[in-house]
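One structure is given here, and the rest of the page talks about it.
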Amino acid sequence: MKNQEIARALHEISVLLEVEGKDKFKPRAYARAARSIESLGEDVEAVARRGELESIPGIGKAIAKKIEEYLDTGTISHLEKLRKQIPIKVTELESIPGVGPKTIKLLYDNLKITDLESLEEALNAGKLEGLPRLGAKSIAQIAEGISLVRGGMSRTLLAEAMDVASRLVEYLKQSVSITQIDVAGSLRRRRETVGDIDILVNSPSPEQVAAAFVSYPEIGEVIVKGDTKVSIRLKSRLQVDLRLLPAESYGAGLQYFTGSKDHNVRLRALAQQKKLKLNEYGLFRGDTAIAGRHEEDIYDQLGLQFIPPELREDHGEVEAAQADQIPALVELSDIRGDLHSHTDQTDGSNTLEEMIEAAVQLGHEYLCVSDHTKNLTVANGMDESRILKRIDEIDEINNSGRWPIRVLKGAEVDILPNGELDIDDSVLSQLEVVTVSVHTMMRMDRAAMTERVCTALESKYAHILGHPTGRLLLKRPGIDIDLEDVFEVAKKNNVVMEVNSYPQRLDLDAGNIRLALRSGLKIAINTDAHKTFELDNMRYGIFQARRGWATASDVINTRSVKDLLPLLKK
Ligand code: DGT
Ligand code: CA
Ligand code: CA
Ligand code: ZN
């Protein structure tokens, strides 16, 4: 789906027009159109196909044409022209927290700053001081933002990398004859972010695979082109390593290039103990390969249970495999429903009916609608009376039998700074699933924050702790909190930990999922969908839960609604 790409392109036009400064209204129109596409509840391409682009709020004839141009050609000529005139790297600069369109214009007008590098130079040379409308506080924020971006810049979110990788794999399969193709590296291990994409191929004509690879339409540059390894950088800056492997060592290559490095070190040592040798070509006794074609054989010959890629981090999986104690990890097909979703009642993009319909399409047995509550004014949070109305609405839907799904009455209730919930108990008691979350005042110190969350978990009506750390990958660290204390209090109060599947969140992380499970807690893998198609993000939460060694029985929403609801009783 191209909604986000198009929103980004329209937004970029708005910023460049603003910098150009010729017209006051056009930049605003483009900014509004960008926001509108960003929060659109369906595929913009489908809307275009129906010829209904102009029915989207903020989209007039001119902008609709540009959207169509993008859908046809992958670019907008107006944007290309602006980029030539004004060589600002808008997306790069805006990735810095604290830098928006106004600041970009200011920096360009006064200092000709066009990208992260020139901004950093100006900052270090003290040139930002003395600029009009840029106080010491803003400068400090920019400095902090730059170091954050620098730290995360070389990595890409798993969800984004998976999309890129599957498009590329499809392209290669369409272009040349391929016997086997796999994604390896951190992407196969489902790390939450990846440094690059690693692809392995076995083909009767490796030269043609290499040739097709370097002619991929999304390519930026070729980094290396050898006989067995070709590396490219895509236009998006993401690097892709392609390795061409012979069939007889394909499995060994897959094992080796899946990593992790630490996991491989352990396996090689284990091979040595058995007087064997393990490398990317196979497992050898003397000069004879005893495994190499299939990855499973490597583990088998080493006396190990097969280890799912998600566990290959040298976090105890080798010992577990030796003892036949690799758990049966939870799978997407185990999931029966979703316990965290939003609608246009608050900050979601789709109606209640649209969300329900989408959940039905996914085959869910239940969907909990959990819109925000009143403390979260930026999201138009619901007060008690709106929640009561919502409850009636859901009762009516369930009674009507219109959809083969049970809609659960829920809310994502704000945890106030003092640990109280922002909704009255008399209303909370009428909800079936109450998720409690921290959304405001996120910079409290560790002791106060831990106290705040623990107090909330003691509420008689708190069932699930939503996105427990609040971190946003590559953007902001989580709240400062002692999760061990939280887990202990959660255990006492029968509170479930959420594994939020939102690609930028993936919260709890793998290490803390494992810790939570060891503390005797259960988890709920939820999408926190704000749009119908985001209900499909469940898989990313599943990956994260697998990396946290979770089995189906650790996850409450693998159960039928009948078995699930009693688990939430306090
Ligand atoms: P990334 O790309 O930073 O997210 O992480 P990986 O794990 O995908 O790392 P990458 O792409 O450098 O290499 C892929 C796998 O290949 C890695 O997990 C293990 C293997 N590998 C690559 N280079 C080495 C090496 O120098 N030594 C060992 N033992 N393994 C390596
Ligand atoms: Ca990699
Ligand atoms: Ca690599
Ligand atoms: Zn939330």
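All ligand and atom numbering here is 1-based and tracks the order in the structure.
- Nearest N, O or S atom of Asp196 to the Ca ion (ligand 3): atom OD2.
- Sorted by first then second residue, the side chain to side chain donor-acceptor pair (under 3.5 Å) pairs that include residues 237-256, not counting sequence neighbours, are Asp182-Tyr250, Ser231-Asp241, Gln239-Asp241, Gln255-Asn264, Gln255-Tyr299.
- Both tests do not hold together for Arg471 against Tyr502: distance to the six-membered ring centre under 6.0 Å, angle to the ring axis within 45°.
- Checked by atom type, the side-chain pair Asp262/Ser260 shows no donor-acceptor distance below 3.5 Å.
- Of all N/O/S atoms in Asp198, OD1 sits nearest the Ca ion (ligand 3).
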Could you list, one pair per line, each nitrogen or oxygen of ligand 1 together with any protein nitrogen or oxygen closer than 3.5 Å, giving atom names and the distance rounded to 0.1 Å?
from     : atom 1 : to     : atom 2 : distance (Å)
ligand 1 : 2 (O)  : Asp196 : N      : 3.4
ligand 1 : 2 (O)  : Asp196 : OD1    : 3.0
ligand 1 : 3 (O)  : Arg155 : NH1    : 3.3
ligand 1 : 4 (O)  : Arg155 : NH2    : 2.9
ligand 1 : 4 (O)  : Ser186 : OG     : 2.5
ligand 1 : 4 (O)  : Gly195 : N      : 2.8
ligand 1 : 7 (O)  : Arg189 : NH1    : 2.9
ligand 1 : 7 (O)  : Arg189 : NH2    : 3.3
ligand 1 : 8 (O)  : Ser186 : N      : 2.8
ligand 1 : 8 (O)  : Ser186 : OG     : 3.4
ligand 1 : 8 (O)  : Asp198 : OD2    : 3.3
ligand 1 : 11 (O) : Asp196 : OD1    : 3.1
ligand 1 : 11 (O) : Asp198 : OD1    : 3.4
ligand 1 : 11 (O) : Asp198 : OD2    : 3.1
ligand 1 : 18 (O) : Arg189 : NH1    : 3.4
ligand 1 : 29 (N) : Arg268 : NH2    : 3.4

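- For the residue pair Thr532 / Glu354, no side-chain donor-acceptor distance below 3.5 Å is found, with atom types taken as modelled.
- The atom of Glu412 nearest to the Zn ion (ligand 4) is OE2, with the search restricted to N, O or S atoms.
- Note on ring orientation: taking the six-membered ring where Trp is involved, the planes of His372 and His342 are parallel (angle under 30°, cut-offs 30° and 60°).
- Among the candidates Asn202, Val201, Val230, the single residue satisfying the side chain to side chain contact (heavy atoms under 4.5 Å, CB included) test with Val209 is Val201.
- Looking at His439, its N, O or S atom nearest to the Zn ion (ligand 4) turns out to be NE2.
- No side-chain N or O of Ser186 forms a donor-acceptor pair with one of Arg191 less than 3.5 Å apart.
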Between Thr346 and Asp371, does the side chain to side chain donor-acceptor pair (under 3.5 Å) criterion hold? Intermediate values first, please. CA-CA 6 Å; Thr346 60; Asp371 270 310; 2.5 Å; yes

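- Closest approach between the Zn ion (ligand 4) and any N/O/S atom of His467 involves NE2.
- Taking the Ca ion (ligand 3) as reference, the nearest N/O/S atom within Asp241 carries the name OD2.
- For the residue pair Thr527 / Asn537, no side-chain donor-acceptor distance below 3.5 Å is found, with atom types taken as modelled.
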